[in-house]
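Throughout, numbering of the chain's residues begins at 1 and tracks the sequence.
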Amino acid sequence: MADANKAGKKCIKKAGFVASEIEMVFEAKSNRLLVVFAGRMYTIEVVGVENKEQFNKLVEETDVRGTFTHDANLNGMDVLLTRLFDLLLNVSIDSIVHRDSARDIRQVANFPIALTASRLTIDKDPVTKGELNFIKEKFTGLKSLHFAVPLPDDHAAFPLQYPAAYIEKGNKLKVEELINMEAKNVEITTAKLKTSDMNRLIKSWNSNQLPANLESLTIAKVEKDTQNLFSGIRTRPWNQFVRSKSFPLWKGLAVDFSEAMDIERSSDGLLASVGYTETGIFQMVVWTNRYVEVPEGYGKSTMADQFTAIY
C-alpha cells in the first residue's frame, strides 16, 4: 500500500498540478485553508482533536468544502500544507489573513511553508512590536502588507518598507515617512495629512526623486489647508497624445486620470499625475510607461468613486 501511495504521488507530481491561489485564514476559534485549483475554490477547515483515530483525516462535506482533523498538539496548518505540497508543484503559499486577537502571529504562522507567503493581512488588535520584528525577520519574500488595525506609535511606517502597503489606520503617519518610503504602491484609508504635506511630497519627488520607488499613492482623506496642493509646482492638464487616460492600480482597478494634473520631472522626463477630489481623495501615480493597456479582468473607476467600486 505504501508503494502504491508513493507511485500515486509521483504521478500527480508528474502531471504538474499547481494551485493558482493558496491562502491561510486565522480567525477566533477558526483556522481554514483556501485553495483555488482548476478555477474552483476549495475551503478546508482545520480542526485540532484529541482522538488519535481522527488524526490527519480529511472529511468532504461538499465537493468544494471539507474538514481536516489533526493532533491538537501540533500546528494543523503545517501538517495539512506539508501533505498538500507533497502533491502539488507549488513551492510557496500566496496569502495569510490573521484576524484572531487572542493569538500572536508567531503562534499560527511560524513554520517554513507559512513563511513563504507573499501577501500578509493583519486584522487583530493589538499588534505587538514582537510580531512586527517577527514579520520583518522571517517573511523575507513579502510583496504586500495590509494592516487593518493601528500599529504601535513608533512603528506607524512599518508597512512602507514593502513593495505594496495598505494601511487602514494611518493617523500616526508623517509626510517625511512617505517621502522616504521604499514602497512602490501605497493605499491609506485614514490619515492626518493635509494638502501642504502633499505639496511637500510632490516637490520632493519632482526635485529630489524621493520617494524613489513610487508607482502609486492613494490617501482616502487629505484635509485642505492654506497651502494649495500645486503651489510652486509646474503642472499641465491631461493630453491624450502624452499619456493614457486610465492607470491600472496594483489592486486590480483602472482609475480614470483624465481630470488629474500632470507633472514632468525635468531631471529625467518621468511623468506623474496628481489628482485631488472634492471629498479629499489624494492620488499620485507615476507613468514609467506612458501608454498602458488595462489588464483583462480589471475594474474601472473614476478617482472619486474608486473606494466604492466593485472589482
I219 versus L178: any side-chain heavy-atom pair under 4.5 Å? yes

Classify the side-chain pair S273/R243 by whether it contains a donor and acceptor separated by less than 3.5 Å. yes

So does E182 get a backbone contact from the side chain of N213, meaning a donor-acceptor N/O pair under 3.5 Å? yes

Could you check if a side-chain atom of K136 sits within less than 4.5 angstrom of a side-chain atom of N133, using non-hydrogen atoms only? no

Checking side-chain polar atoms at under 3.5 Å, does D225 have a donor or acceptor matched by the opposite partner on S196? yes

Distance check, rounded to the nearest 0.5 Å: F37 atom CZ versus Y42 atom OH? 7.5 Å

Are D104 and K124 close enough for a salt bridge, meaning some N to O gap below 4.0 Å? no

Apply salt bridge (charged side-chain N to carboxylate O under 4.0 Å, His left out) to R119 and E21, showing your working. CA-CA 11 Å; R119 302 193 308 272; E21 181 82 10; 2.3 Å; yes

Could you go through the side chain to side chain contact (heavy atoms under 4.5 Å, CB included) check for M77 and F26 one step at a time? CA-CA 10 Å; M77 281 289 190; F26 301 99; 3.8 Å; yes

Does E187 come within less than 4.0 Å of K251, counting only side-chain N to carboxylate O? yes

Indicate the atoms forming the closest heavy-atom contact of V274 with M284, along with that distance. CG2-CG, 3.7 Å

I'd like to know if the side chain of K169 reaches the main chain of A191, judged simply by a donor and an acceptor atom lying under 3.5 Å from each other, with no hydrogens or angles considered. no

Just so I know, are the side chains of N51 and T69 near enough to count as touching, which here means a heavy-atom distance under 4.5 Å? no

Taking the hydrophobic residues Ile, Leu, Val, Met, Phe, Trp and Tyr, and joining any pair whose side-chain heavy atoms are under 4.5 Å apart, which ones share a cluster with F55? V47, V49

Just to verify, what does D100 make a side chain to side chain contact (heavy atoms under 4.5 Å, CB included) with, not counting sequence neighbours? A28, H98, A102, R103

Just by modelled atom types, is the I113 backbone N or O under 3.5 Å from a matching donor or acceptor in the T116 side chain? yes

Apply side chain to side chain contact (heavy atoms under 4.5 Å, CB included) to residues V108 and M24 and explain how you reach the verdict. CA-CA 10 Å; V108 297; M24 298 194 303; over 6 Å; no

Any donor and acceptor pair, going by atom type alone, linking the side chain of N289 with main-chain N or O of V292 inside 3.5 Å? no

Trace of the side chain to side chain contact (heavy atoms under 4.5 Å, CB included) decision for V25 with R99: CA-CA 8 Å; V25 180; R99 298 193 181 104; 3.9 Å; yes

Answer yes or no: is there a donor N or O on one side and an acceptor on the other, between the side chain of Y162 and the main chain of K184, under 3.5 Å? no

In the structure I gave you, are the side-chain heavy atoms of P159 and L151 within less than 4.5 Å of one another anywhere? yes

Measure the shortest side-chain to side-chain distance between L253 and Y298 over non-hydrogen atoms and say whether it is less than 4.5 angstrom. no

Scanning both residues in full, the closest heavy-atom pair of E168 with T189 reads O-CB, 3.6 Å

Would you give the length of the straight line joining atom CH2 of W205 to atom CG of L214, rounded to the nearest 0.5 angstrom? 8.5 Å

As an exercise, state the distance from CG of D153 to NZ of K172, rounded to the nearest 0.5 Å. 4.5 Å

For S101 and D125, what are the C-alpha separation, side-chain angles and deciding distance, and is it a side chain to side chain donor-acceptor pair (under 3.5 Å)? CA-CA 6 Å; S101 296; D125 195 14; over 6 Å; no

Testing the 3.5 Å rule here: is there a donor-acceptor pair between the side chains of T218 and Q283? yes

Side-chain heavy-atom pair I105, L120 within 4.5 angstrom cut-off: yes

The single option from T302, D262, V285 that satisfies side chain to side chain contact (heavy atoms under 4.5 Å, CB included) with F257 is V285

For a 4.5 angstrom cut-off between non-hydrogen side-chain atoms, does S30 reach E45? yes

Would a distance-only check, ignoring hydrogens and angles, find a side-chain to backbone donor-acceptor pair under 3.5 Å from E177 to K174? yes

Considering residues at least two apart in sequence or located in another chain, which fulfil the side chain to side chain contact (heavy atoms under 4.5 Å, CB included) criterion with M261? F230, T235, P237

What one should report as the nearest heavy-atom pair of T277 and M303 is CG2-CB, 4.0 Å

With ring-ring contact (aromatic ring centres under 6.0 Å, His included) as the test, pick out the partner of H146 among F158, W250, Y166. Y166

Short N-O contact, R200 and E176, less than 4.0 angstrom: yes

How far apart are the closest heavy atoms of V175 and L193, and which atoms are they? N-CD2, 3.9 Å

Run the salt bridge (charged side-chain N to carboxylate O under 4.0 Å, His left out) test on D86 and R83 for me, step by step, so that the C-alpha distance in whole Å, both residues' side-chain angles and the decisive distance to 0.1 Å come before the verdict. CA-CA 5 Å; D86 200 28; R83 288 170 171 250; over 6 Å; no

Salt-bridge test for R236 and E264: reply yes if a basic N is under 4.0 Å from a carboxylate O, no otherwise. yes

Qualifying residues under side chain to side chain donor-acceptor pair (under 3.5 Å), relative to N199, sequence neighbours excluded: K203

Not counting sequence neighbours, which residues clear ring pair (Phe, Tyr, Trp, His ring centres under 6.0 Å) with H70? List them please. none

Full working for salt bridge (charged side-chain N to carboxylate O under 4.0 Å, His left out) between D256 and K300: CA-CA 8 Å; D256 184 337; K300 296 182 180 180; over 6 Å; no

Hey, what do you get for OG (S231) to CD1 (I202), rounding to the nearest 0.5 Å? 10.5 Å

Taking D197 first and then K194, would you say they form a salt bridge - that is, a charged N and a carboxylate O separated by under 4.0 Å? no

Can you name the residues that form a side chain to side chain contact (heavy atoms under 4.5 Å, CB included) with A212, not counting sequence neighbours? L210

Please give me the minimum heavy-atom distance between S244 and W287, naming the atom from each residue. O-CH2, 3.5 Å

Stepwise, does the side chain to side chain contact (heavy atoms under 4.5 Å, CB included) test hold for F139 with I96? CA-CA 11 Å; F139 285 91; I96 297 175; 3.7 Å; yes

Please check this pair: side chain of T62 against backbone of V64, looking for a donor-acceptor N/O pair closer than 3.5 Å. yes

Is it the case that the side chains of T67 and E61 hold a donor-acceptor pair, with the cut-off being a distance below 3.5 Å and no angle test? yes

Taken to the nearest 0.5 Å, the spacing of E131 CD from H155 NE2 works out to 12.0 Å

Regarding S267 and Q209, is there a side-chain donor-to-acceptor distance under 3.5 Å anywhere? yes

If you round to the nearest 0.5 Å, how far is OG of S95 from CD1 of I22? 11.0 Å

Within the structure provided, determine whether L160 and L173 are in side-chain contact (heavy-atom separation under 4.5 Å). yes

Smallest separation among heavy atoms of N185 and S216, with atom names: OD1-OG, 2.7 Å

